[in-house]
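The block underneath contains the structure these notes are about, expressed in structure tokens.
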Amino acid sequence: MATAPVDKDSHLYLVDASAYIFRAFHALPPLTRQSDGLPIGAVSGFCNMLFKLLEDVKGDDRPTHFACIFDKSSITFRNELYDQYKANRPEPPEELRPQFPLVRRAAEAFAAHAIEMEGFEADDLIATYSRQAEAKGARVTIVSSDKDLMQLVSDRVVMLDTMKNKTLGREEVFEKFGVGPEKVVDIQSLAGDSVDNVPGAPGIGVKTAAQLLDEYGDLETLLARAEEIKQPKRRQTLIENADLIRISKQLVTLKDDVPLDLPLEDLAVQDPDPDTLISFLEEMEFRTITRRVREMMELEGAIESAQPAEDPIDRSKYVCVRDFEALEDWVARATKQGYVAVDTETDSLDSIVANLVGVSLALSPNEACYIPLAHVDPDGAGDGDMFGADPPRQIRMKDALRALKPMLEDPSVLKIGQNIKYDLSIFATHKIDVAPIDDTMLLSYVLNAGKHNHGMDTLSERYLQHNTIPFKEIAGTGKSQVTFDKIALDKATEYAAEDADVTLRLWHIFKPELRPEKVTTVYETLERPLVPVLARMEQEGIKVDRDKLSRLSSDFSQRMAALEAEAHEQAGREFNIGSPKQLGEILFDEMGLEGGKRTKSGAWQTDADVLEGLAAAGHGLPRTIVDWRTLSKLRSTYTEALQAAINPTTGRVHTSFSMAVAQTGRLSSTDPNLQNIPVRTEEGRKIREAFIAEDGNVLVSADYSQIELRILAHIADIDALKSAFKDGLDIHAMTASEMFGVPIEGMDPMVRRQAKAINFGIIYGISGFGLARQLGIPQSEASDYIKTYFKRFPGIRAYMDETKAFAKEHGYVTTAFGRKINLAGIKSKGPQKAFAERQAINAPIQGSAADIIKRAMIRMPDALAQAGLKARMLLQVHDELVFECPEKEADKLIEVAQATMQGAAGPSLHLSVPLEVEARAAKNWAEAH
DNA sequence: GCGATCACG
DNA sequence: GACGTACGTGATCGCA
């Protein structure tokens, strides 16, 4: 048995196991054991929940102590008080009964204490443990949604509903009962409970009870002063039923001093015994969770033994598979082994238009093959049985996919890829749902963000000391470059099988590092499950109105021509208006304007800031240039490029989301970038209007309001900010009010604007210089603002100092969900260090926001399906999700999207500020946003 | 291929 | 006291 002291750093989890069983039984789809039909739905749900809680929960929320609490028998001291107590409880259904003992065994298999006690309900034991832990300053999470337990909630005690993924704290209790947790008992005593058969006062419900308590303070006072109640009916009810109410109070009050057999300290979390756990899970025939547990245990145990194999890459060992029997053999070996590296070769980098050309597999170092499927005219492939333009002998696409599909979809075979989202998309076009998966690019991303990029070439060179064959070497460059289907099979095999081999070798290196580096949760709950979600979004694409873009393009062109002529006139000569170099020479050398600055490379700086400054000084040319540039940007980057990006087959635009580019955990979007579609100016919004829904459908945009400031308020624990968000205040106005001592009502918009800039500055790792530049004020003034801000919010400065110190000590910072972001320059001196410090402050905030929206996205498909919606998620823009759905679904979609996004931090993280999501439906993106 | 510029969060 | 600075991206253009 494991024992560990309980103190303020402890976190006790108490699972209300009996209640869970009933709830799981009714809420989850019925599931029976395949071999004998034994009902095991509740057991399965219970195991999944335990696995999640024990393995996935991280950071402060990680349990240090853990127990599953059961009801022993239905007779307790409450029945002596009131013989009708829980008298109308029906017997558990037939299919559920055999599951009770199995759930107890499950708890034990996971090395969680299964606790029960004669004469007491599970709730009383939970109350006792909870109060004891709380008294020692520990945090407590009660895994239950039973309202009877809500009386235990406090600042340190929360409840967690694992099925709805909701954390329930003081606020939520208040929402439900209209009073704080301390008075929940009083409410229940008055209102009674038909489920448990607690009588209460007839005709008094939760609302009335809350009103009465609000007026009289507490239950005893209320009963003592019942005569004073104005409403005659209520007065009479309370006077007549005083005894019944008092009995009810005894019934609903949890006993928090049960003489415990097992002291609190003995509930310390311990590692489950692998053999016991796996054999239990296998006995239940839970394939997926068995695989996950085994994978985890094996890799944990393998950390020291699995040194990178001293087995240099030898391309001559690779095999080209051209017979169906040979393919079947590879598939069988992959299936038996339980994991395989997979790579697809296609004729395009764009997964939406790409055609499958071949597949490569790797089972162990140098044991890899390439299966050509759509190669044409090999032209010098050295293939003896081929002549002229005949295609080489290869397995028919249809046959090969039929052989591969069962293995690729087999839940007990792990498919490993490098950027496997791409391969998922390719296989999806052939109706193959590849699962489960691992991705070496994402493994590297969670392990090494900030250290280097995560492309195959980089990783191979860094971790395998091996340079892969450059694609150019086999396909040529420039105009003469050919697609993969035209590459000779011997070359194709070396190239393709090498990719699979390298991927597998990288996996052997990276996967065992997850646990020691403490990034398993990030990988398993934020990155890996997002892969299929993003693949789907990319395949969906979004509709754009080509005609509208075309009209805008012409309009912009005309106006640009006019501006160009004007600019030449103002300059006194013709010049290339698109050349910053020529412009700088004209403005500062020829016209001799004041205030010119030079860029790093010595050229005149002519960006919008500079030009605006010159325009404000009364010069004409700069304004013309600014206007021209605005239109030029919109035209070349948007109205023109977007038309070209429309997929001829789908008629929609399909972006590609990059998962392993942004250091902070954000996504990025390319080809085309749909995360920077204009919105800030009137002109720009016209482009957004071209993003439309199909006929009969609407676009819905849902975005987090002020998510980064909310996260800052939570992480830095700033009471003033937290309560401002709880009260729904205008946060920038509130900041201004606090700093400058002006009332929020009727505030000068300029004052608010300054406060807003400061708030952003804080998130970016503020400097007097940066703020001054942003606001166009002297640096001394900006520095004074910052001083004032820190004086008013000293917690922010403390957070910044702590974060910088942590970054310097460890070389990285973390997000609220445990993502690590390495900061290369943090140990250097000078400007590099200052830069790294600002990154250190910004990365946890930006990264935590990225984590949260990723959690929402991962849950979204299920949430939509569960609500019976046809809605599809199309885009993510950092704090915004864009959906398309039938018009009739819009209201329901908004509800589901809001709920999913607002609850996305929970249950593993209980944010101390609410998350708010604004959502709107419209025919185009501009109006929906 | 790189720097400058500017679109977004 | 001087140094260079707001955080994170991607696309386009001119120019070497």
Hey, is A:D555 close enough to A:K686 for a salt bridge, meaning N to O under 4.0 Å?
no

Which whole-number value in Å describes the distance from A:K600 NZ to C:dA16 P?
20 Å

Please confirm whether the shortest side-chain N or O distance from A:Q832 to OP1 or OP2 of C:dT5 is below 4.0 Å.
no

Quote, to the nearest angstrom, the P distance that separates C:dC3 from B:dT5.
23 Å

A quick test of your reading: do over 12 heavy atoms of other residues, nucleotides or ligands sit less than 6.0 Å from CD of A:E574?
no

A:S579 side chain: which of C:dT5, C:dA11, C:dC15 is closest?
C:dC15

Mind checking the C1' distance from B:dA7 to C:dA2? Whole angstroms is fine.
35 Å

May I ask you to say what A:S767 touches in the nucleic acid, namely base, sugar-phosphate or nothing, with a heavy-atom cut-off under 4.0 Å?
base

Value in whole Å for how far the C1' atom of C:dC7 lies from CG of A:L823
12 Å

Assign A:A840 to base, sugar-phosphate, or nothing according to its heavy-atom contacts below 4.0 angstrom with the strands shown.
nothing

For atom CG of A:N676 and atom C1' of C:dC7, their distance in whole Å
17 Å

Earliest and latest nucleotide of DNA chain B, 5' to 3', sitting under 4.0 Å from a non-hydrogen atom of chain A?
B:dG3 to B:dG9

Is it true that A:R666 and A:E708 make a salt bridge, defined as a side-chain N closer than 4.0 Å to a carboxylate O?
yes

Remember a base hit wins even if backbone is also touched, and classify A:T606 as base, sugar-phosphate or nothing at under 4.0 Å, heavy atoms.
sugar-phosphate

My understanding is that a pair needs two contacts under 3.5 Å, Watson-Crick or G-U wobble. By that rule, which nucleotide pairs with B:dC2?
C:dG14

Using a 4.0 Å heavy-atom cut-off across all strands, classify A:P831 as base, sugar-phosphate, or nothing.
nothing

Report the distance from atom NZ of A:K581 to atom P of C:dG14, rounded to the nearest whole Å.
13 Å

Is any side-chain N of the basic residue among A:E884 and A:K543 closer than 4.0 Å to the acidic one's carboxylate O?
no

Using the P atoms only, state how far B:dG3 lies from C:dA6, rounded to an integer number of Å.
16 Å

Would you indicate what A:A603 reaches in the nucleic acid, counting non-hydrogen atoms under 4.0 angstrom: base, sugar-phosphate, or nothing?
nothing

Taking pairing as Watson-Crick or G-U wobble with both contacts under 3.5 Å, can you name the mate of C:dA2, or confirm there isn't one?
none

So A:A850, base contact, sugar-phosphate only, or nothing? Heavy-atom distance under 4.0 Å.
nothing

May I ask you to check whether A:D671 and A:S656 show a side-chain donor-acceptor distance below 3.5 Å?
no

Reckon A:R838 has a side-chain N or O less than 4.0 Å from the OP1 or OP2 of C:dC7?
yes

Indicate yes or no: does A:K808 engage A:E837 in a salt bridge with an N to O separation below 4.0 Å.
no

Give one of base, sugar-phosphate or nothing for A:E880, where a contact means two heavy atoms less than 4.0 Å apart.
nothing

Salt-bridge contact A:E683-A:K633 (side-chain N to carboxylate O under 4.0 Å):
no

Establish whether the base of C:dT9 is bridged to the side chain of A:S668 by a donor-acceptor pair shorter than 3.5 Å.
no

Under-4.0 Å salt bridge between A:R685 and A:E689
no

Over how many whole Å does the gap from A:I677 atom CD1 to C:dA11 atom C1' extend?
11 Å

Students often get this wrong, so: under 4.0 angstrom with heavy atoms, is A:R629 touching a base, only sugar-phosphate, or nothing?
sugar-phosphate

Nearest whole Å is fine: how far is C:dC7 C1' from A:E837 CD?
14 Å

